[in-house]
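Residues: numbered from 1 along the sequence shown.
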Amino acid sequence: MTTVTDLYPSRGATEVSIPRKDPVLWSSPDTPGPIATAELESFERDGFLAMDQIIGPDEVPVYQRELERIISAPEIRADERSIIEPQSKEIRSVFEVHRISEVFAKLVHDERVVGRARQILGSDVYVHQSRINVKPGFGARGFYWHSDFETWHAEDGLPNMRTVSVSIALTENHDTNGGLMIMPGSHRTFLGCAGATPKDNYKKSLQMQDAGTPSDEALTEMASQYGIKLFTGKAGSATWFDCNCMHGSGDNITPFPRSNVFIVFNSVENQAVEPFAAPVRRPEFIGARDFTPVK
């Protein structure tokens, strides 16, 4: 078996901070595609790209109806791919939505979406993960600060930072209902978290993250250095962000729901190997092992 070098050690005895060793853009900024050169340069600098609209106003109701169908279907609620809020008992996330739903499967294959992923990653891509995050009003819990790559590297075995996510708003994202927050520029520093990964950690971490959580001291230092950007937008807007961005979101205590579909594209040249810092792989509905390119 070929040994893959661990470029980003994490889950050890102490927290470590090291410079990123991979490119942010895997193609040149002037590579033809749906993202303009100036926007690609902005993505490279900040680690994210916000879009006012990626799906049109006439399409939004289609996705909203599908969202409601998914979260209200008893068979989906009972599926292991659904994560339930421990207190309210409402659905928090539903994973592998591109396999559960034909509507979201078409969105994954939409060139407005996958074309941008190919342009950023400089190769064909496959879906490492997809999910809808549901934040109904009056108490839906947030997602604590983290780098996705730290988890995907430690627990799923992604070797390099050649992965990009898009969060598409299915309801309006206000500045008060638990929107996405990112530390601009934080994608250039890898924070390896302290503490070993428990077996089947995903069962707990998808409700409330513990392993892979940065220290207060590290978060304070990063926030002081990079600042924090909060993303808002109408349904149909989107935020693309690099896999190593430090990000999170707050609770939603407003009456206004916030629901987004979240698609993670990974380069076919960055296929998952064995986890770098976990005793076993996470289930495939969380970290895919089907590397078939999206066409």
Shortest non-hydrogen contact from [X] to [Y]?
| X | Y | result |
| --- | --- | --- |
| Ile228 | Trp145 | CD1-CZ2, 3.8 Å |
| Asp156 | Ile286 | OD2-O, 4.4 Å |
| Arg69 | Ile100 | NH2-O, 4.1 Å |
| Ala140 | Lys135 | CB-CA, 3.6 Å |
| Ser167 | Phe262 | CB-CD1, 4.3 Å |
| Asp251 | Gly142 | OD1-N, 2.7 Å |

If you measure from [atom1] on [X] to [atom2] on [Y], what distance do you get to the nearest 0.5 Å?
| X | Y | atom1 | atom2 | result |
| --- | --- | --- | --- | --- |
| Glu96 | Gln129 | CD | CD | 9.5 Å |
| Asn260 | Ile168 | CG | CD1 | 9.0 Å |
| Met183 | Met222 | CE | CE | 6.5 Å |
| His146 | Leu191 | NE2 | CG | 13.0 Å |
| Ile132 | Leu67 | CD1 | CG | 5.0 Å |
| Thr232 | His174 | OG1 | NE2 | 9.5 Å |

Quick one: is the NZ or CZ of Arg81 closer than 6.0 Å to the six-membered ring centre of Phe95, and within 45° of its axis? no
Whether Arg92 engages the ring of Phe143 as a cation-pi pair (distance to the six-membered ring centre under 6.0 angstrom, angle to the ring normal within 45°) should be assessed. yes
Applying side-chain contact (heavy atoms from CB on, under 4.5 Å) between Asp30 and each of Ser28, Pro32, Ser27, report the one that passes. Ser28
Consider only side-chain heavy atoms of I, L, V, M, F, W and Y, link residues closer than 4.5 Å, and tell whether [X] and [Y] are in one cluster.
| X | Y | value |
| --- | --- | --- |
| Phe231 | Tyr144 | no |
| Val125 | Val108 | yes |
| Val62 | Ile76 | yes |
| Val127 | Val103 | yes |
| Leu158 | Val24 | no |

Look only at the side chain of [X] and the backbone of [Y], and say whether a donor-acceptor pair between them is shorter than 3.5 Å.
| X | Y | result |
| --- | --- | --- |
| Glu66 | Ser101 | no |
| Arg162 | Asn270 | no |
| Ser259 | Thr171 | no |
| Thr220 | Asp216 | yes |
| Ser237 | Ala169 | no |
| Thr189 | Ser186 | no |
| Ser82 | Ala78 | no |

Would [X] and [Y] pass as an ion pair if we require N to O under 4.0 Å?
| X | Y | result |
| --- | --- | --- |
| Glu68 | Arg65 | no |
| Arg141 | Glu90 | no |
| Arg99 | Glu284 | no |

Flag the pair [X] / [Y] as yes when at least one side-chain heavy-atom distance between them is below 4.5 Å, and no otherwise.
| X | Y | value |
| --- | --- | --- |
| Thr163 | Phe265 | no |
| Tyr63 | Val261 | no |
| Arg11 | Glu150 | yes |
| Phe104 | Ile263 | no |
| Gln119 | Pro34 | yes |
| Phe190 | Ser10 | yes |
| Trp152 | Val264 | yes |
| Arg116 | Glu39 | no |

Dump the intermediate steps for side chain to side chain contact (heavy atoms under 4.5 Å, CB included) on Trp26 and Val164, then the final yes or no. CA-CA 11 Å; Trp26 290 77; Val164 67; over 6 Å; no
Show me the donor-acceptor pairs, under 3.5 Å and distance only, between side chains in residues 13-21 and residues at least two apart or in other chains.
| from | atom 1 | to | atom 2 | distance (Å) |
| --- | --- | --- | --- | --- |
| Glu15 | OE1 | Ser215 | OG | 2.7 |
| Glu15 | OE2 | Ser215 | N | 2.8 |
| Glu15 | OE2 | Ser215 | OG | 3.4 |
| Arg20 | NE | Asp22 | O | 2.9 |
| Arg20 | NE | Pro23 | O | 3.3 |
| Arg20 | NH1 | His187 | O | 2.9 |
| Arg20 | NH1 | Asp242 | OD2 | 2.9 |
| Arg20 | NH2 | Pro23 | O | 3.0 |
| Arg20 | NH2 | Met161 | O | 3.3 |
| Arg20 | NH2 | Asp242 | OD1 | 3.0 |

Within a reach of under 6.0 Å around [atom1] of [X], are more than 12 heavy atoms found that belong to other residues, nucleotides or ligands?
| X | atom1 | value |
| --- | --- | --- |
| Asp58 | CG | yes |
| Glu221 | CD | no |
| Glu75 | CD | yes |

Please check if any side-chain donor atom of [X] sits under 3.5 Å from a side-chain acceptor atom of [Y], or the reverse.
| X | Y | result |
| --- | --- | --- |
| Asn177 | Thr254 | no |
| Asn244 | Ser147 | yes |
| Glu269 | Ser123 | no |

Please work out which of the three classes, parallel, tilted or perpendicular, describes the rings of Phe291 and Tyr126, given edges at 30° and 60°. perpendicular
For the pair His153 and Tyr8, name the ring-plane relationship: parallel under 30°, tilted 30 to 60°, perpendicular over 60°. perpendicular
Stepwise side chain to side chain contact (heavy atoms under 4.5 Å, CB included) test for Val4 and Phe276: CA-CA 9 Å; Val4 179; Phe276 287 90; 4.0 Å; yes
Can you check side chain to side chain contact (heavy atoms under 4.5 Å, CB included) on Asn173 and Phe256, steps first, answer last? CA-CA 9 Å; Asn173 285 213; Phe256 310 113; over 6 Å; no
Between Arg112 and Glu59, is a salt bridge (charged side-chain N to carboxylate O under 4.0 Å, His left out) present by the stated rule, with each step listed? CA-CA 13 Å; Arg112 293 172 296 180; Glu59 300 170 279; 2.7 Å; yes
Quick one: do Leu40 and Ile120 satisfy side chain to side chain contact (heavy atoms under 4.5 Å, CB included)? Show the steps, please. CA-CA 8 Å; Leu40 281 174; Ile120 290 169; 4.2 Å; yes
